[in-house]
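Here is the structure we will look at.
Just so we're on the same page: letters track the sequence lines, and every chain starts at 1. Quantities reported herein were computed from a predicted structural model and do not represent experimental measurements.
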Amino acid sequence: VDLTLSSAEESFRDELRAWLDANNPGREPEGDEAGFEFRRRWQRTLNDAGWAGVAWPKEYGGRGATLVESAIFNEEVVRSRTPQMANVLGLAMGGPTVIAHGTEEQKQRYLPAILSAEEIWCQGFSEPESGSDLASLKTRAVRDGDDWVVTGQKVWTTLAHQAKWCMLVARTDPDAPKHKGLTYFLMDMEQEQVGVRPLVQITGEAEFNELFIEEARIPNGNVVGGVGNGWAVAITTLMHERATLAFGLQVAVQIALRELVEKARESGGRNGSAASDDPVIRQRLAQLQIESEVLRLNAYRGLSAIMRNGVPGPEGSLGKWHWSEVNQSLTELAMDIAGPHAMLNEDEWTYRFLRARANSIEGGTTEILKNIVAERVLGLPRMR
Amino acid sequence: VNFEFTDDQRAIKRTASEFLAARYKLEAVRALAEDERGFTDEQWREVADLGWPGVIVPEADGGLGLGAVELVVIQEELGYALAPSPLLSSVTAALLLVAAGTDEQRARWLPGLSDGSLRGTVAVWDQHAGWAPDHSEAEPADGVLSAVKIAVPDAPSADLLIVAGADGHHYLVEASAARITPEKSLDETRKLYRVELDAAPAEAMRSDPDAIAHAYATIVTALAAENVGVAQRAMEMAVAYAGDRKQFDRPIGSFQAISHRCAQMLLEVEGARSLTYWAGWALDHEPSTAPRAASMAKAYASDAGFRVCASSIQVHGGIGFTWEHDLHFFLKRAKANAHAFGDARWHRDRVADLAGV
């Protein structure tokens, strides 16, 4: 056990920290469009300095960072409170999938524009009737000469209105068993056959969209990983960078927790004393400190296991599930600390509280993650 | 950054796991639970031959000079096997001697405690003690100490008692000077005693609050490690049973009500493990972090140890509630450990203090 950084890792961190300090563009402007353009410019700045595709191979414009360096990167960008990059899904999922499964031609074609945020990516996996049971999806793709013709509906599509490319999983063989008949496509969003409708969520904002696809055309050259191989390709997309992304999530929790401790000191508790003097509030804050430390340590353990065995250890499958619980308790505690102010939507804690409800649903529900842990890690019999 | 054990630590783990699996099968644990003393001289000799009583004692004092991580490795395996042994009592006494013994006291006791020719234990809790693990009102006068201490492990077979007194001071008392009577312990695999001192000759240890705090942090980390092992075993028992036991014509582990319970066990076992290994590392390499890490590990492992065992009993159904099944021994050890040297609530309060809440 050794939780210190090597001197090479330290200098990587110091260089990155200094760069982020010097280049931090500050707070995002109000408004969806302005905010997005701001994040796009920020990604370009990062990319010009070689920071956008930190874990990507050098030959495709990345930095070729080690796993630990990628983890440091994810921690530091959150810690610096610099904006998110615009092309989150292209960077975290699309690019790595093309790198793993794409042809050389596809790599040359798509990767540079992901890094520069010139082409934004979105993801078309879930459907109204295929949520947790993703492999049951119904969107059909039928071969027509050199093209595929696609019809169906997708949902929870972030960034659909900005995106040039959609990572689309569609059924190409309706007669094959449900996991076998799927194919992974890159669909051009700039065609009339693809309709986008914003989906307003409980926070009042529209972070996601519905996609209505009516005979959209996709050239056969945009198949990634081979026809009928879509499930395997989609799974790598989902697994990708989970180990290093966990570092960003845990730092975000730690920052929020620090803010919450401040809030508890400033908010009124009983009898005119601060909320942070209340023994129950103190216990809950301490428990969150402990749980957020578990998130950090499990992320490190996951990394060590990958370095040693090439695959994440059992704790790797726990991270997202655990994070969602911690983030939900944290935001619930914020509401409790607020007292009567919790009735007012007056600061960002209200938004965070509401947004956190999705944490245990998005990217794999907690129930599905528990199934995975029970069956693949503990070896319990499959549920029927 | 590397969370893996070194080759040496892995070797210690393997030795411990093989030795304990061979010598402390659950029938043997059960027999020792029903035995008055709870261990045999031969068993103690074997443990001493492995060097465990002196694992964390410096080489200059006759120990192996290894670190808290090695102690954690051994304690986790002891918890997994649920091996009854006076080892932890004696290690606890040795830790306090290393922290605050005078040169003479170290020379008098540590070589014997390390090679197993002597044993020690620690008497902490006053008869009317509250939650605080370090609160005592025992105050000596003219070199003698009067006190009544409860829940002192392995006292009659110990040579040395380290007695916690008022204001964080600790005193050495020869066990022969105490009146020792058995108590009924929740955990039958760890024997507890009432220790009465009536003007017993007591020798003050050095006053070194930081070193004593470090020793206590090491002790609670060792207890957390034990609970990690206990919980791991209880979880494995639940998973095995859920795969075997059939109701409604299918293994009960294929029902999500059962399998999700087991997944929750893994979450808590791994969380406790991560915090405990980190605390061990911090004790050895980053002392400024150690008090926080140790309290986090103790708080989390106190809760997780009990909850995982309780959940395992639920998975087992009626059979898990019988004396005949071994699970209750695990539940009791986990719960007793949870309340030794500060319960989860006390340690969370410390975490809050250290975080400036």
Side-chain angles (χ1 to χ4, degrees), chain A residues 1-6 9 67-68 71-72 257-258 261 264-265 276-277 279 281-291 293-305 307-308 313-315 317-318 321-322 325 366-367 369-375 377-384, chain B residues 1-6 9 69 72 235-236 238-239 242-243 250-256 258-275 277-278 280-282 284-286 289 292-293 295-297 299-300 303 344-345 347-357:
Chain A
V1 184
D2 175 10
L3 298 182
T4 47
L5 297 180
S6 72
E9 288 158 0
L67 274 173
V68 175
I72 293 171
L257 192 48
R258 228 172 290 146
V261 169
R265 283 214 200 90
S276 60
D277 292 332
I281 299 289
R282 281 169 61 82
Q283 287 283 313
R284 289 171 69 186
L285 281 169
Q287 185 63 24
L288 283 167
Q289 304 266 357
I290 295 170
E291 303 268 357
E293 205 58 54
V294 171
L295 289 176
R296 181 178 77 96
L297 296 167
N298 281 353
Y300 275 119
R301 272 179 74 195
L303 216 57
S304 299
M307 290 191 285
R308 195 155 81 97
E315 63 292 327
S317 34
L318 301 169
W321 158 21
H322 191 208
E325 287 192 352
T366 294
E367 287 69 23
L369 296 173
K370 285 182 179 177
N371 286 350
I372 292 172
V373 168
E375 289 170 19
V377 183
L378 295 175
L380 281 165
R382 281 186 68 86
M383 57 146 192
R384 281 174 284 175
Chain B
V1 176
N2 184 3
F3 224 107
E4 305 280 312
F5 289 132
T6 62
Q9 288 161 349
V69 174
V72 159
M235 173 179 74
E236 288 177 14
V239 168
R250 29 196 284 209
I252 59 169
S254 65
F255 294 109
Q256 285 171 319
I258 300 292
S259 69
H260 287 190
R261 193 179 262 288
C262 293
Q264 178 70 30
M265 293 183 202
L266 184 78
L267 180 88
E268 298 191 26
V269 169
E270 296 300 342
R273 180 172 279 130
S274 291
L275 287 165
Y277 291 180
W278 173 55
W281 172 82
D284 290 339
H285 300 287
E286 209 175 85
T289 309
R292 185 165 146 269
S295 277
M296 284 186 168
Y300 193 96
D303 286 342
R345 183 170 34 175
H347 282 284
R348 273 195 295 269
D349 202 50
R350 251 174 79 82
V351 168
D353 280 342
L354 293 167
V357 176

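Highest contact tally toward chain B, considering only A/E9, A/Q289, A/H322, A/E293, is held by A/E293 [criterion: heavy-atom pairs under 4.5 Å]. If you tally non-hydrogen atom pairs under 4.5 Å between each of B/N2, B/V239, B/D353 and chain A, the highest count goes to B/N2. With respect to chain A, the highest number of heavy-atom pairs below 4.5 Å among B/F5, B/Y277, B/W281 belongs to B/W281.
Residue contact with chain A, scored on non-hydrogen atoms closer than 4.5 Å, involves the side chain of B/R292 exclusively. Interface remark: B/Q9 contributes side-chain atoms only to the contact with chain A (heavy atom separation under 4.5 Å). Residue B/M235 touches chain A through its side chain alone, counting heavy-atom pairs closer than 4.5 Å. Residue contact with chain B, scored on non-hydrogen atoms closer than 4.5 Å, involves the side chain of A/R296 exclusively. In this structure, chain B has a heavy atom under 4.5 Å from the side chain of A/L285, while its backbone stays farther away.
Side-chain contact check for B/R345 and A/Q283: no donor-acceptor pair (N or O, by modelled atom type) lies under 3.5 Å.
Here the side chain of A/R301 pairs a donor or acceptor atom with the backbone of B/E270 at under 3.5 angstrom.
Rounded to the nearest 0.5 angstrom, B/L275 CG and A/I290 CD1 are separated by 7.5 Å. Distance check: A/D2 CG to B/H285 NE2 gives 7.0 Å after rounding to the nearest 0.5 Å. Considering CH2 of B/W278 and CG of A/N298, their distance stands at 12.5 Å, rounded to 0.5 Å. In this structure, OG in B/S254 is found 9.5 Å from CD in A/E375, a value given to the nearest 0.5 Å. Atom-to-atom distance recorded for B/F255:CZ and A/L380:CG is 12.5 Å, nearest 0.5 angstrom.
Residues satisfying the side chain to side chain donor-acceptor pair (under 3.5 Å) test with A/N371, not counting sequence neighbours, are B/Q256, B/H260. With sequence neighbours excluded, the residues satisfying side chain to side chain donor-acceptor pair (under 3.5 Å) with A/R265 are A/E262.
In terms of heavy-atom proximity, A/P381 sits nearest to B/A242 at CG-O, 4.5 Å.
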Candidate pair A/W321 and B/Q264, rule side chain to side chain contact (heavy atoms under 4.5 Å, CB included), full reasoning: CA-CA 10 Å; A/W321 158 21; B/Q264 178 70 30; 3.4 Å; yes
